[in-house]
Amino acid sequence: MGAQQVAERFAELYGAAPEGVWAAPGRVNLIGEHTDYNDGFVMPFALPHRAVAAVSRRTDGVLRLHSADIEGGVKELRLDALAPQGDDDWTAYPAGVVWALREAGHGVTGADVHLSSTVPTGAGLSSSAALEVVIALALNDLYALDLPRWRLARLCQRAENVYVGAPTGIMDQTASACCEQGHALFLDTRDLSQQQIPFDLAAEGLRLLVVDTQVKHAHSGGEYGKRRAGCEKGAALLGVDALRDVPYAELDAALARLGDEEEVRRLVRHVVTEDERVERVVGLLRAGETRRIGPVLTEGHASLRDDFRISCPELDLVVDTALSNGALGARMTGGGFGGSAIVLTEATDVDTLTKAVEEAFAAAGFTTPRVFEAVPSAGARRVV
């Protein structure tokens with residue numbers, strides 16, 4: 001649904017035109033998985049798929065929410081009754097942002113909201129972050145809070161961590177808020193320093209495909225939290241603040257110090273090698289060697305599959321099929337346990353690869369995947 005349609009539906013619901021319409025994108029993570037909550041490096045870029053919100057202020061302490069994508073009427077919440085609740089309902093994401101803003105001392109007194117999103121849910125493409133960031137940006141503008149983008153991302157992360165109860169890192173919200181068109185975002189999640197790295201695949205005759213396996217995942221599920229707890233245990237056992245602080249050159253020695261903590265060893269090995277992979281990809285892109293990032297992406301999948309153990313048969317099938325049909329590289333992307341994989345390919349091979357993956361899924365008896373091109377796009381912005 002376009003911005004004008006969202007605005008018109010808002011007027012139908014609430015009896016007046018909105019004060020504005022904002023949009024925030026989903027994201028694909030090129031490389032750097034499960035490193036963000038370890039103070040490490042990530043490299044996402046924004047998708048053209050986005051959450052769009054028409055919003056107006058209220059002064060009576062009421063938050064009214066409606067989604068074009070969810071059956072049901074307008075949900076009405078009292079601001080003074082907002083409290084962390086878990087993600088039993090989609091309203092937890094926008095309500096959590098309002099809660100986080102008020103907890104931080106910002107004088108938000110209410111809002112009317114109508115939302116529509118084209119970001120696939122449960123696909124590892126940050127549909128929840130897009131929802132959070134679009135609300136945060138709208139309220140930042142309407143209430144003249146003058147908060148920088150990185151601060152909005154932090155507040156959205158707090159909403160997801162505390163209000164929704166999903167132990168995610170800072171990458172998704174920062175990507176949605178801060179990415180630039182035609183670039184990937186090299187983000188240091190410790191200090192939130194950012195570098196926009198040119199990533200114009202079309203100019204080089206390349207494409208990056210997203211293959212949504214249709215296997216849904218949820219960040220608030222127990223397995224994601226277990227991985228994060230295991231990483232924190234590894235950092236504690238190694239005497240560092242975060243696994244970011246384990247040098248790649250000293251990885252073998254660090255792993256030896258973990259003794260018989262085999263599960264922790266695997267998690268540590270993934271995070272430390274993944275940080276190194278992010279730095280390698282940044283170097284290759286800066287050198288104009290885009291095709292050479294393919295094998296690095298594939299290395300990342302093997303690490304996520306074998307060390308972090310968060311892949312699934314559908315994701316592995318995408319990667320294996322793509323590589324056997326000429327892809328330059330492929331890996332799962334996102335939190336894992338389902339969701340999407342990415343495939344780096346020559347533009348001339350897109351149709352062949354897409355057909356091969358679809359046929360492989362059919363032969364395996366899996367649900368038909370959704371395949372689309374990932375185009376590095378603009379971050380959150382006001383559109384009306």
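Counting begins at 1 with the first residue of the sequence.
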The criterion is salt bridge (Lys or Arg N to Asp or Glu O under 4.0 Å); which residues satisfy it with [X], sequence neighbours excluded?
X	value
R382	none
R228	E232
D36	none
E314	none

Exercise for the section: Only counting residues at least two apart or in another chain, list the ones meeting side chain to side chain contact (heavy atoms under 4.5 Å, CB included) with R292. Expected result: L284, E289
Problem - A24: side chain to side chain contact (heavy atoms under 4.5 Å, CB included) partners, not counting sequence neighbours - result: V133, V134, S176, A380
Practice task
May I have all residue pairs that pass salt bridge (Lys or Arg N to Asp or Glu O under 4.0 Å) and include part of residues 106-122, sequence neighbours excluded?
Solution key: R58-D112, R64-D112
Does anything in [range] pair up under ring pair (Phe, Tyr, Trp, His ring centres under 6.0 Å), and if so which pairs, sequence neighbours excluded?
range	answer
residues 53-85	H66-H114
residues 277-307	none
residues 232-276	H270-F308

Practice task
For residues 136-146, pull every pair meeting side-chain hydrogen bond (donor to acceptor under 3.5 Å, both in side chains), keeping only residues two or more places apart or in separate chains.
Solution key: W22-D141, T109-Y143
Practice task
Mind running salt bridge (charged side-chain N to carboxylate O under 4.0 Å, His left out) on D188 and R244 for me, showing each step along the way?
Solution key: CA-CA 10 Å; D188 183 332; R244 149 74 173 276; 2.8 Å; yes
Practice task
Could you walk me through whether R269 and T273 pass side chain to side chain donor-acceptor pair (under 3.5 Å), step by step?
Solution key: CA-CA 6 Å; R269 182 165 52 228; T273 58; over 6 Å; no
Exercise for the section: Please check if L317 and L323 belong to a single hydrophobic cluster, counting links between Ile, Leu, Val, Met, Phe, Trp and Tyr side chain heavy atoms closer than 4.5 Å. Expected result: no
Handout entry: Salt-bridge present (E261, K233; N to O < 4.0 Å)
Key = yes
Exercise for the section: Using a strict cut-off of less than 4.0 Å between a Lys/Arg side-chain nitrogen and an Asp/Glu carboxylate oxygen, indicate whether E223 and K226 qualify as a salt bridge. Expected result: yes
Exercise for the section: Compare every heavy atom of T290 with every heavy atom of L201, then report the nearest pair and how far apart it is. Expected result: CD2-CG2, 3.9 Å
Exercise for the section: Kindly write out the residues that satisfy side chain to side chain donor-acceptor pair (under 3.5 Å) with S126, not counting sequence neighbours, or none if the list is empty. Expected result: R27, D172
